[in-house]
K.L.:
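Please read through the structure below; I'll follow up with questions.
Whatever order the structure lists them in is the order used to number ligands and atoms, beginning at 1.
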Amino acid sequence: MASTQSVSLGDMGDPLKQFAPQNETPEDRRQRIMLEKEARKRSEAIDKQIKAEKEQLEKQKVAKLLLLGDNLVFGSSESGKTTVLKQLKIIHGKGLEDERNQYRRIVYLNILTAMKALTSALANLGYTLDPKNLVHLQKFSKLNSVKDSLNRNSISVQAAIRDAKLDDDAFQLFTEHAEGIIELWKDSAIRKAYKHASEIGLQDSAKYFLDNVERFAQKDYLPTDEDILQARVRTIGVSEHKFEIDGVTYKIYDVGGHRSQRHFWAPYFDDVNAIIFMAAISAFDQPLEEDPNVNRMIDILKHKLTLVDLKDYFPDFKGENKFSSVTRFFQKKFGHCNKNKDKRIYVHFTHATDTKQMRVIVATVNDIVQRVNLKASGLI
Ligand SMILES: Nc1nc2c(ncn2[C@@H]2O[C@H](COP(=O)(O)OP(=O)(O)OP(=O)(O)O)[C@@H](O)[C@H]2O)c(=O)[nH]1
Ligand SMILES: [Mg+2]
């Protein structure tokens, strides 16, 4: 029994026994087993190394991007970070289906907020409504007392909650005011107030929404992709989103740009490969919502430049008040922000709400990330 046991133990420690030379002495056998053990150790070490290299390669294929936004001098929200994320979902993700229903509520609250801001501004601006619309004005002045539905913060909080009752409440509030909104939007006093959109802090998409009230008031209304891209809700905290683009996995972090939100994203700085920095350059004459003394960057720069002189806001701008020289100026200004020679800044001009334009930008960004990755892995 004892010898059988020792033989079987020996077999277990000598897996290559069948290949052992004939007439092998016990000393030769010990030597052989020792060498085999060393070879196995080496092979295991190589396996481990291969695994680590593979993991490293996989890691290189993951690009972590942080979405940030700002104007040239001070930080601000509403620079289009979440809009870019929505575009990525449309272009490279599974679309906007998951959030479509919730955005109904956001659309209603965006429209009510816009009309509330316009009606509230009338007195200060000195514009008088057509008397037949005073009844609608009264209704809007009472909206203040509606359980802080019109507070932007509460819109953000509401957006995070899936609740059929909140949807119904928002729909009801909207339908109660829909006719008033349509009539007021036709009133010349409100149209004149709209020209002060920047001063009264109207969101860029206010006109888009106010032009389409009949469609939103339909019982079975469901937001289109375009409605969702135009809808605005402040981001709270940080969210991570994964996309596959041409074999590269992207982890994109969308953060709240409002001052109160900055402590959430500060820790993400260290760990990302690149930052997509959004600047609403057409909003150069708009006061920052967080701080009315600070200039924030609006819409359709080309059009604005026919009305406003950039020099009035950026005295160091010496060029012609034209789109090409103004964008060149901003490009240079961003370039000068780079204090690190090892890091590069790539500047693109686009409308974040335009999916066609964004498709091109995303492809360009992906090319750059791929090139940087290949360089890092020594392949180019
Ligand atoms: N006209 C115009 N509007 C834009 C553009 N990009 C975004 N917007 C609109 O401006 C608003 C920007 O909102 P978001 O994308 O939510 O801004 P954000 O940077 O995520 O803001 P926070 O979450 O508060 O930090 C939305 O109403 C968009 O429809 C653009 O290029 N042109
Ligand atoms: Mg956001």
Side-chain angles (χ1 to χ4, degrees), residues 65-71 74-90 96 99 102-103 106-111 113-114 117 151-160 197-198 201-212 223-241 252-266 268 275-286 288-291 296-304 323 327 330 347-362:
L65 303 188
L66 177 61
L67 288 166
L68 285 184
D70 223 320
N71 69 18
F74 298 94
S76 80
S77 56
E78 287 197 51
S79 54
K81 301 180 290 294
T82 304
T83 309
V84 167
L85 186 71
K86 290 173 191 167
Q87 295 284 17
L88 282 165
K89 288 179 186 171
I90 294 172
L96 301 172
E99 48 223 288
Q102 264 162 295
Y103 264 96
I106 309 303
V107 168
Y108 297 143
L109 293 174
N110 276 186
I111 302 171
T113 307
N151 173 305
R152 285 196 174 196
N153 235 333
S154 96
I155 295 178
S156 322
V157 174
Q158 287 198 25
S198 309
L202 277 192
Q203 69 185 57
D204 293 356
S205 45
K207 183 175 184 312
Y208 171 86
F209 286 123
L210 290 166
D211 280 345
N212 286 286
T224 61
D225 281 2
E226 180 61 17
D227 297 344
I228 297 177
L229 284 167
Q230 297 288 342
R232 152 87 186 136
V233 57
R234 177 188 290 174
T235 302
I236 292 191
V238 179
S239 58
E240 184 191 282
H241 306 263
I252 313 241
Y253 300 94
D254 180 28
V255 304
H258 192 263
R259 273 183 195 161
S260 64
Q261 296 295 306
R262 304 230 169 115
H263 63 279
F264 283 117
W265 51 257
Y268 285 78
I275 290 170
I276 296 186
F277 196 88
M278 312 286 303
I281 57 164
S282 51
F284 63 83
D285 65 337
Q286 197 171 36
L288 180 66
E289 181 200 332
E290 305 152 25
D291 178 351
R296 175 184 168 281
M297 301 212 160
I298 281 184
D299 188 18
I300 312 174
L301 185 59
K302 267 185 190 167
H303 173 64
K304 180 155 293 178
F323 184 79
T327 47
F330 282 128
V347 181
H348 310 276
F349 294 96
T350 189
H351 282 105
T353 41
D354 183 330
T355 306
K356 244 162 86 189
Q357 283 192 26
M358 280 306 296
R359 204 182 281 278
V360 178
I361 300 280
V362 171

K.L.:
When you measure from the side chain of D354 to the backbone N and O of T350, does any donor-acceptor pair fall under 3.5 Å?
P.N.:
no
K.L.:
Between S79 and ligand 1, which part of the residue brings a heavy atom under 4.0 Å of the ligand: side chain, backbone, both or neither?
P.N.:
both
K.L.:
May I ask you to check whether T83 has an N/O atom sitting below 3.5 Å from an N/O atom of ligand 1?
P.N.:
yes
K.L.:
Specify whether an N/O/S atom of T83 falls short of 2.8 Å from the Mg ion (ligand 2).
P.N.:
no
K.L.:
How about V362 and R359: do any of their side-chain heavy atoms sit closer than 4.5 Å?
P.N.:
no
K.L.:
With a cut-off of 4.0 Å, which atoms of ligand 1 are near a heavy atom of G256?
P.N.:
25 (O)
K.L.:
Would you mind listing which atoms of ligand 1 come within a distance below 4.0 Å of any non-hydrogen atom of L229?
P.N.:
28 (C), 29 (O)
K.L.:
Regarding atom 13 (O) of ligand 1: of the candidates Q203, K207, M278, R232, which has the closest heavy atom?
P.N.:
R232
K.L.:
Would you call M278 and V84 a side-chain contact if the rule is heavy atoms closer than 4.5 Å?
P.N.:
yes
K.L.:
Give the contacting part of T82 toward ligand 1: side chain, backbone, both or neither, where contact means a heavy-atom distance below 4.0 Å.
P.N.:
both
K.L.:
By number and element, which atoms of ligand 1 are closer than 4.0 Å to a non-hydrogen atom of R234?
P.N.:
23 (O), 24 (O)
K.L.:
Check L202 against A117 and note the closest heavy-atom contact, atom names and distance.
P.N.:
CD2-CB, 3.8 Å
K.L.:
Which of the atoms in ligand 1, numbered in the order shown and given with their element, are less than 4.0 Å from a heavy-atom of S205?
P.N.:
27 (O)
